[in-house]
There are 2 protein chains.
Amino acid sequence: MNDSLKPRYEARARILKAMAHPSRLLIIEELQKQERCVNELTEMIGSDMSTVSKHLSVLKNAGLVSDEKRANCIYYTLRCTCILDFIGCVEEVLSANAEEHNKILKSCKK
Amino acid sequence: MNDSLKPRYEARARILKAMAHPSRLLIIEELQKQERCVNELTEMIGSDMSTVSKHLSVLKNAGLVSDEKRANCIYYTLRCTCILDFIGCVEEVLSANAEEHNKILKSCKK
DNA sequence: TTCTTATTTGGCCATATAGCCAAATAGCGA
DNA sequence: TCGCTATTTGGCTATATGGCCAAATAAGAA
């Protein structure tokens, strides 16, 4: 791969990788609605708080969320809401896949 | 996490994970312009053909590309072009990150 | 200062992934 | 049939990731 393009694709891949986890997608979607602190998110996700904290740091390192300490909580916020538009596209892929799958199933029943 | 939501997030995460690799992003972008066969993509990416073939099967399993044998090549095509819109969003995140980074640098120089 | 609450970090293990090489497979033309 | 070209698969190793537990840290309240 062209040396000038490589860092560009690597940077994009890092962002996508940061999103590519069920718990982190839940976090992203939730933070789009409202800011949340770690223990609220932990409750929603239902895994260990240390695990959730690590997920949050992945999102933060990718620049997808930011955090702010207030009162006795650290509140996390979604930095870029256009991410949500993308989820719509992912859903399109998923339903296209489902349709494909159905087509195959039907052709097997014949 | 709610049992009814979990599979949904897992499905989305699988799609994102399939995209989250520099070579696969290059493939996606290239296929949006035109269909390509494995050896063309291999040349662009510059790694072993077996590696590229595996990347393509990742994309195919996620339903992002489809393949069609014609003449003596297997041509790969992008199935869902809305993916490209998303790349735009990723770029927004990246430039927001870069701006942030600059701000920090400037504040250090003071 | 000591306790408490909220969060992060380190350690460990199990699993997944990328990459290369070599070998297998598929289809075509001689 | 044999050999050629295009592609995939298997095997291997190195590295990264997710998850939990336990311990560390931070900041406020008693």
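The figures that follow rest on heavy atoms only: side chains count, while hydrogens, waters and symmetry mates do not. Residue numbering restarts at 1 for every chain, and letters A, B, ... go by the order of the sequence lines.
Mapping B/Gly46 and A/Val38 onto DNA chain C via the closest heavy atom, the residue that lands nearer the 5' end is A/Val38. Each of A/His21 and B/Tyr75 was matched to the nucleotide of DNA chain D holding its nearest heavy atom; the match closer to the 5' end belongs to B/Tyr75.
Note on A/Ser50: a base of the nucleic acid sits closer than 4.0 angstrom, heavy atoms only. Heavy atoms of A/Lys60 sit nowhere under 4.0 angstrom from any nucleic acid atom. The residue B/Tyr76 sits close only to the backbone: its heavy atoms come under 4.0 Å of sugar-phosphate atoms, none of a base.
Side chain of B/Arg79 to main chain of B/Ser66: no donor-acceptor pair is present (N/O by atom type, distance under 3.5 Å, no hydrogens or angles). Of the possible donor and acceptor atoms, none in the side chain of A/Ser53 sits under 3.5 Å from a partner among the backbone N and O of A/Met49.
The interatomic distance linking A/Lys17 (NZ) with C/dA18 (P) rounds to 8 Å, in whole Å. We find that CZ of B/Arg70 is positioned 12 Å from P of D/dT7, with the value rounded to whole Å. Between the P atom of C/dC12 and the NZ atom of A/Lys54 lies a distance of 13 Å, rounded to the nearest Å. To the nearest angstrom, P of D/dG18 lies 11 Å from CD1 of A/Ile27. What separates CG of B/Asn72 from C1' of D/dC4 is a distance of 11 Å, to the nearest Å. Atom NZ in A/Lys69 sits roughly 9 Å away from atom C1' in D/dG28 (whole-Å rounding). Separating the CD atom of A/Glu40 from the C1' atom of C/dT5 is a distance of 15 Å, rounded to the nearest angstrom. Atom CE of B/Met49 is separated from atom C1' of C/dG19 by 15 Å (rounded to the nearest Å).
In terms of phosphate contacts, B/Asn39 brings no side-chain nitrogen or oxygen within less than 4.0 Å of OP1 or OP2 of D/dT5. One finds no side-chain N or O of A/Thr51 lying less than 4.0 angstrom from the OP1 or OP2 phosphate oxygen of D/dG19. Applying the 4.0 Å criterion to OP1 and OP2 of D/dG19, one finds that A/Ser47 has every side-chain N and O outside that range. Checking the phosphate oxygens (OP1, OP2) of C/dG19, a side-chain nitrogen or oxygen of B/His55 falls inside 4.0 Å.
No donor-acceptor contact under 3.5 angstrom links the side chains of B/Glu68 and B/Tyr76, judged on distance only. In summary, the side chains of A/Arg14 and A/Asn61 do not present any donor paired with an acceptor at a separation below 3.5 Å, with no hydrogens or angles considered.
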Should A/Ile27 and A/Leu56 be marked as a side-chain contact (heavy atoms from CB on, under 4.5 Å) after you check the CA-CA gap, both sets of side-chain angles, and the distance that decides it? CA-CA 8 Å; A/Ile27 293 172; A/Leu56 286 164; 3.9 Å; yes
